[in-house]
Amino acid sequence: MPEHASILQLTGVTVLALAMGVWIAGLIRLLRAPRAPRAPRGGHGVRHRGEAHRRRDVLRALPRQRQAGPALESVDLTPAERDAFAGLVRQFSDGRS
């Protein structure tokens, strides 16, 4: 036992080392745990090559992302607004020509 370290310091280091060992063992066990097979989403039950591999790489804690973007929106402009917009476009494009 080192002379400059108190018994509390040595006990603290030992407890932290044990906690880290338990955490690493739990993490390894979690990563090696077999996953339950999932039913394919959409389609007709046919899995493409590599699909199972891609699904393993997906983080399960994150929500599934949308495949399509949001719906397009449009606004009808009055003739005066169209003219004002065209004037702005001409004004901004004068310096870039």
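Numbering starts at 1 and runs along the sequence shown.
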Other ILVMFWY residues reachable from L72 by side-chain steps of under 4.5 Å
none

Under the side chain to side chain donor-acceptor pair (under 3.5 Å) test, residues paired with Q9 that sit two or more places apart:
none

Under the side-chain contact (heavy atoms from CB on, under 4.5 Å) rule, collect the residues that match up with I28, sequence neighbours excluded.
I24, R32

Tell me, please, which residues at least two apart from T78 pass side-chain contact (heavy atoms from CB on, under 4.5 Å).
A80, E81

Cut-off 3.5 Å, no hydrogens considered: what does the side-chain donor-acceptor table look like for residues 10-21, sequence neighbours left out?
| from | atom 1 | to | atom 2 | distance (Å) |
| --- | --- | --- | --- | --- |
| T11 | OG1 | I7 | O | 2.7 |
| T14 | OG1 | L10 | O | 2.8 |

